[in-house]
Chemist: 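Starting off with a structure, shown below.
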Protein chains: 2
Amino acid sequence: MGNKVNISDEVVEMAKLAKAMGHPVRLYILQKLSQMNACCYSGDLVDELPVGRSTLSQHLKELKYAGLIQGEIEPPYIKYCLNKENWENAKSMFHRLFDESETI
Amino acid sequence: MGNKVNISDEVVEMAKLAKAMGHPVRLYILQKLSQMNACCYSGDLVDELPVGRSTLSQHLKELKYAGLIQGEIEPPYIKYCLNKENWENAKSMFHRLFDESETI
DNA sequence: TTGTTATTTCGCAAAACAACGAAATATATT
DNA sequence: AATATATTTCGTTGTTTTGCGAAATAACAA
């Protein structure tokens, strides 16, 4: 009894993605970037979002850490875009999760 | 300038769902429940997951709070299942997010 | 009533998160 | 060299999360 299962790497990885998506500001950014393959600058975001520069920077850092976005230096700006490969991967993981629930 | 946007209710709601999914134990539970419309008992889970009873209970509480699962009292057990309506809603929100990124 | 089983709530400690302003960095311009 | 712009890092503060064991609850059985 009590044979502990070990949680699969996929579940751990997906939980990390979900956690990164689990804040309104971060999800807003992802939504924005996912629309028509847009990219944006930290300065654009700080103008439209109700958080300060340093706070926004932290959120961007977390999205980067989770692998969902990437920043290209484009002096004097940093251009942020989705990390497409990882985004596609995230998409298929969430797809799998929700499609397993299909009533057959 | 700096006309702050207000983050839509949908984004706030979806962030709440993502947050609830953002822990390996909770995601494991959701995955399990989503497979073939299964339900389970807290006792089953505590046997297979590497957390104590009270900790597991907290995780179940959070999933309930987010609306993703529901518990039916079935003495002496409590049977946990997905909250199908909200699960379908979550599914379509995540779908929308990821499908906006389609390269057209 | 006393005990048993399944689960939750409480109280606590440690860690992580969210937010801010000030200072630092990096790159261009004067 | 000094200044300006865009962004990040640092230090701090208050809040939330995660985890545990002990005690509480709820339903049933002896």
Side-chain angles (χ1 to χ4, degrees), chain A residues 1-2 4-7 11-30 32-33 39-66 68-81, chain B residues 1-2 4-7 11-12 14-30 32-33 39-81:
Chain A
M1 318 87 244
K4 305 294 183 185
V5 113
N6 70 330
I7 297 182
V11 167
V12 171
E13 172 61 21
M14 190 173 165
K16 185 172 141 185
L17 296 177
K19 188 176 177 185
M21 296 167 71
H23 187 286
V25 164
R26 294 195 295 265
L27 194 57
Y28 176 93
I29 294 168
L30 290 173
K32 180 167 181 133
L33 294 183
C39 292
C40 68
Y41 303 100
S42 174
D44 301 340
L45 294 170
V46 93
D47 277 342
E48 61 190 275
L49 287 170
V51 287
R53 285 167 198 288
S54 57
T55 303
L56 180 66
S57 191
Q58 282 298 324
H59 285 306
L60 290 169
K61 189 177 173 182
E62 280 185 67
L63 289 172
K64 246 185 303 181
Y65 171 72
L68 290 168
I69 66 171
Q70 60 197 116
E72 256 179 83
I73 294 172
E74 204 178 69
Y77 301 94
I78 297 177
K79 188 169 85 170
Y80 285 103
C81 311
Chain B
M1 308 97 244
K4 306 294 182 186
V5 115
N6 70 329
I7 297 181
V11 167
V12 172
M14 190 174 166
K16 185 172 141 185
L17 295 177
K19 188 176 177 187
M21 295 167 71
H23 187 287
V25 165
R26 294 194 295 266
L27 194 57
Y28 176 94
I29 294 167
L30 290 173
K32 180 167 181 132
L33 294 184
C39 293
C40 67
Y41 302 98
S42 175
D44 301 340
L45 294 170
V46 94
D47 277 341
E48 60 190 274
L49 288 169
V51 288
R53 285 168 196 285
S54 58
T55 303
L56 180 66
S57 190
Q58 281 298 323
H59 285 305
L60 290 169
K61 190 178 173 182
E62 279 185 67
L63 289 172
K64 246 186 303 181
Y65 171 73
L68 290 169
I69 66 170
Q70 60 198 112
E72 257 179 83
I73 295 172
E74 203 177 68
Y77 301 95
I78 296 177
K79 187 168 86 171
Y80 285 103
C81 312

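Proteins get letters first, then strands, A, B, ... in listed order; numbering begins at 1 in each. Owing to the predicted nature of the structure, the values given are computational and were not obtained by experimental measurement.
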Chemist: If you assign each of A:P76 and A:K61 to its closest nucleotide in DNA chain D, which residue comes earlier from the 5' end?
Modeler: A:P76
Chemist: Would you kindly give the CG-to-C1' distance between A:L27 and C:dC17, to the nearest whole Å?
Modeler: 17 Å
Chemist: Indicate yes or no: at least one non-hydrogen side-chain atom of A:L33 is less than 4.5 angstrom from one of A:L68.
Modeler: no
Chemist: Between B:K79 and A:T55, just flag the one whose closest nucleotide in DNA chain C comes earlier from the 5' side.
Modeler: B:K79
Chemist: Side chain of A:R26 only, heavy atoms from C-beta on: which candidate in C:dT9, C:dA6, C:dA18 is closest?
Modeler: C:dA18
Chemist: Using whole Å, what does the distance between atom P of nucleotide D:dT18 and atom NE2 of B:H23 come to?
Modeler: 5 Å
Chemist: B:Q58 CD to D:dC20 C1': how many Å, rounded?
Modeler: 11 Å
Chemist: Considering only side-chain heavy atoms of B:K64, which listed nucleotide, C:dA19, D:dT7, C:dT8, is closest?
Modeler: C:dT8
Chemist: Rounded to whole Å, how long is the line connecting atom CG of A:L45 with atom P of D:dA6?
Modeler: 14 Å
Chemist: Between atom CG in A:L63 and atom C1' in C:dC17, what is the gap in whole Å?
Modeler: 14 Å
Chemist: If you check every side-chain atom of A:P75, which of C:dA28, C:dT8, D:dT18 has the closest atom?
Modeler: C:dA28
Chemist: A:R53 CZ to D:dT7 P: how many Å, rounded?
Modeler: 8 Å
Chemist: Give the nucleotide from the list D:dA27, C:dA18, D:dG19 with an atom nearest to the side chain of A:E62.
Modeler: C:dA18
Chemist: Return the nearest nucleotide to the side chain of B:Y77; candidates are C:dA6, C:dT9, D:dA6.
Modeler: C:dA6
Chemist: Can you name the one residue among B:T55, B:V51, B:L60, B:L30 that meets side chain to side chain contact (heavy atoms under 4.5 Å, CB included) with B:V25?
Modeler: B:V51
Chemist: Closest to the B:I78 side chain: D:dG21, C:dT8, D:dT8?
Modeler: C:dT8
Chemist: Choose from D:dC10, C:dA19, D:dT7 the nucleotide whose nearest atom is closest to any side-chain atom of A:H59.
Modeler: C:dA19
Chemist: Looking only at non-hydrogen atoms, find the nearest pair between A:A15 and B:P24 and report the distance.
Modeler: CB-N, 3.5 Å
Chemist: A:E72 CD to C:dT27 C1': how many Å, rounded?
Modeler: 17 Å
Chemist: Would you find a donor on one side and an acceptor on the other, under 3.5 Å apart, between the side chain of A:K4 and the backbone of B:L49?
Modeler: yes
Chemist: If I take atom CG in residue A:L49 and atom P in nucleotide C:dC20, what distance separates them, rounded to the nearest angstrom?
Modeler: 11 Å
Chemist: Starting the side chain at C-beta, find the nucleotide from D:dG19, C:dT9, D:dT8 nearest to B:V51.
Modeler: D:dG19
Chemist: Which pair of heavy atoms, one from B:L56 and one from B:S42, lies closest together, and at what distance?
Modeler: CD2-O, 3.3 Å
Chemist: Select one nucleotide: of C:dT9, C:dT7, D:dT8, the one nearest the side-chain heavy atoms of B:S42.
Modeler: C:dT7
Chemist: What's B:K19 touching, base or sugar-phosphate or nothing? Going by heavy atoms closer than 4.0 Å.
Modeler: sugar-phosphate
